[in-house]
Amino acid sequence: MTQDICVMVPTIRNHECMRTYFENARDHGFDLDRLFVVLITEDFCDTDAMERMLDEEGVDGTVFDGSARQTWFENHGVGEYAHLIPEASHAQTSFGLLYLWANDFEYGVFIDDDTLPHEDADFFGTHMENLAYEGEIETVSSDEQWVNVLYQNEDKHGLYPRGYPYAAMDETVETETTEVDDVVASQGLWTNVPDLDAVRILMDGDLQGQAQTRTTEADFGEDFVAAEGQYLTVCSMNLAFRREVVPAFYQLPMDDNEWAVGRFDDIWSGVFLKRACDVLGKQIYNGDPLCEHNKAPRSTFSDLTNEVHGLELNEHVWEIVDEAGDDADSYAEVFEAIAVALVEGDFGDWENGAFLNYCGEFMLDWLSCLDELDNRVTEQVPATADD
């Protein structure tokens with residue numbers, strides 16, 4: 001079997017969780033030879049232990065701490081773009097995207113190190129089936145142009161996920177059946193600790209960053225897609241996707257910036273990706289495979305400190321995105337149109353509005369970096385002599 005799946009895991013605490021994912025694959029007959037695992041970590045972590053874990057499991061992969069990432073950029077002739085990957089941030093998942101792109105993997109999978117697969121589900125196999133799915137599926141929309149990925153039992157648990165705009169709450173939900181034929185991303189959802197922002201966690205009465213209300217398998221029904229023109233939160237803790245989306249899926253430079261904006265890297269990348277999917281006629285599949293989210297206790301106020309600087313921007317980013325790229329015919333063109341709108345926009349009326357201009361510049365650099373990697377690969381391919 002061809003090694004066609006790049007599994008990207010940002011980890012500083014619990015790389016051992018991957019043993020359970022590998023066990024799940026073996027139990028369900030999924031071919032581990034298809035996987036190449038990229039563990040993205042920091043210089044202060046035990047990279048030798050991570051490499052030993054991969055060796056003991058017999059799974060191909062590599063480990064990149066900060067120093068190794070810098071070396072990778074230099075070795076690939078793109079050292080000027082090393083700033084694209086922020087230090088000590090979950091947004092380092094973007095490095096995994098660059099690695100996938102440079103090595104021609106057909107699929108990518110994001111896994112967070114505080115998750116575990118459900119034993120009864122073929123984690124990798126289900127994601128691959130979702131990406132290949134063609135046929136009928138439930139499509140969801142609302143009068144607020146946003147879909148709550150936890151909508152199926154919202155009347156009982158009242159949860160809205162991290163990144164869902166506050167102005168879009170109390171929406172009226174409509175569902176119907178549609179046909180899909182070009183799925184490019186598969187978002188698995190999560191049981192146990194819901195993925196909420198700090199404000200919502202505080203409202204749920206929890207000071208340890210976890211939320212008192214928990215989700216179970218019973219909270220999730222049929223798999224679904226968000227209708228065209230509707231947005232949704234995309235969380236990278238349990239997500240598979242096709243290579244083609246990488247130009248429009250950059251995880252933005254959170255945490256390591258002068259505005260101290262954090263925690264919106266995967267959320268905003270999901271907004272960009274959904275816009276590109278709508279323009280290009282693609283779909284994001286949501287539901288199975290579920291994972292168990294075991295978020296470690298930490299101060300809810302610490303998360304709030306990281307999120308508060310971007311909360312107002314999150315209410316408006318999608319409105320800017322929704323007006324960009326109408327005439328584009330590729331992911332890169334949609335992403336470039338969004339980037340230009342952010343670079344050129346005047347967002348002075350919003351707290352930390354200049355951060356959006358900053359993000360736009362990074363997004364343009366992202367596209368340039370991918371182009372440079374493409375050019376380098378092309379240059380390395382020997383020319384075929386004429387017969």
Problem set entry | Pair Phe272-Leu252, side chain to side chain contact (heavy atoms under 4.5 Å, CB included): steps then yes or no | CA-CA 11 Å; Phe272 303 152; Leu252 291 169; 3.7 Å; yes
Exercise. Relative to the ring of Tyr160, is the ring of Tyr164 parallel (under 30°), tilted (30 to 60°) or perpendicular (over 60°)?
Worked result: tilted
Exercise. Using the ring of each side chain (for Trp, its six-membered ring), is Trp318 parallel, tilted or perpendicular to Tyr231, with breaks at 30° and 60°?
Worked result: tilted
Do [X] and [Y] have side chains that approach each other closer than 4.5 Å (heavy atoms only, starting at C-beta)?
{"X": "Asn357", "Y": "Glu344", "answer": "no"}
{"X": "Phe95", "Y": "Met8", "answer": "no"}
{"X": "Val9", "Y": "Met18", "answer": "yes"}
{"X": "Phe220", "Y": "Asn153", "answer": "no"}
{"X": "Cys369", "Y": "Trp101", "answer": "no"}
{"X": "Trp190", "Y": "Asp195", "answer": "yes"}

Examine [X] together with [Y] and report whether their ring centres are nearer than 6.0 Å.
{"X": "Tyr99", "Y": "Phe36", "answer": "yes"}
{"X": "Phe355", "Y": "Phe347", "answer": "no"}
{"X": "Phe73", "Y": "Tyr81", "answer": "no"}
{"X": "Tyr331", "Y": "Phe335", "answer": "no"}

Between [X] and [Y]: side-chain donor-acceptor atoms closer than 3.5 Å:
{"X": "Asp197", "Y": "Tyr166", "answer": "yes"}
{"X": "Asp113", "Y": "Asn14", "answer": "no"}
{"X": "Asp266", "Y": "His90", "answer": "no"}
{"X": "Glu171", "Y": "Gln145", "answer": "no"}
{"X": "Tyr358", "Y": "Asn257", "answer": "no"}
{"X": "Asp206", "Y": "Gln212", "answer": "yes"}
{"X": "His127", "Y": "Asn238", "answer": "yes"}
{"X": "Thr213", "Y": "Asp204", "answer": "yes"}
{"X": "Asn294", "Y": "Glu292", "answer": "yes"}
{"X": "His118", "Y": "Thr191", "answer": "yes"}
{"X": "Gln187", "Y": "Asn286", "answer": "yes"}
{"X": "Ser67", "Y": "Asp43", "answer": "yes"}
{"X": "Asn192", "Y": "Arg214", "answer": "yes"}

Problem set entry | Derivation of the side chain to side chain contact (heavy atoms under 4.5 Å, CB included) call for Glu42 and Glu87 | CA-CA 8 Å; Glu42 301 293 344; Glu87 292 294 327; 4.0 Å; yes
Do NZ/NE/NH1/NH2 and the carboxylate oxygens of [X] and [Y] come within less than 4.0 Å?
{"X": "Arg376", "Y": "Asp371", "answer": "no"}
{"X": "Asp104", "Y": "Arg243", "answer": "yes"}
{"X": "Glu23", "Y": "Arg26", "answer": "no"}
{"X": "Arg162", "Y": "Glu307", "answer": "no"}

Considering all heavy atoms, the nearest [X]-[Y] contact:
{"X": "Ala341", "Y": "Ile320", "value": "CB-CG2, 4.0 Å"}
{"X": "Val279", "Y": "Ala328", "value": "CG1-O, 3.5 Å"}
{"X": "Pro247", "Y": "Leu370", "value": "CA-CD1, 3.6 Å"}
{"X": "Cys277", "Y": "Ile284", "value": "SG-CG1, 4.0 Å"}

For this session: Among Tyr107, Phe105, Phe124, find the residue that satisfies the side chain to side chain contact (heavy atoms under 4.5 Å, CB included) test when tested with Arg34.
Result: Tyr107
For this session: May I have all residue pairs that pass salt bridge (Lys or Arg N to Asp or Glu O under 4.0 Å) and include part of residues 270-285, sequence neighbours excluded?
Result: Asp182-Lys282, Glu244-Lys282, Lys274-Asp278, Arg275-Asp326
For this session: Walk me through it: do Ile5 and Glu106 pass the test side chain to side chain contact (heavy atoms under 4.5 Å, CB included)?
Result: CA-CA 6 Å; Ile5 304 171; Glu106 185 175 352; over 6 Å; no
Spell out, as yes or no, whether a donor-acceptor pair under 3.5 Å connects the side chain of [X] to the backbone of [Y].
{"X": "Asp112", "Y": "Asp114", "result": "no"}
{"X": "Gln251", "Y": "Phe249", "result": "yes"}
{"X": "Thr11", "Y": "Thr41", "result": "no"}

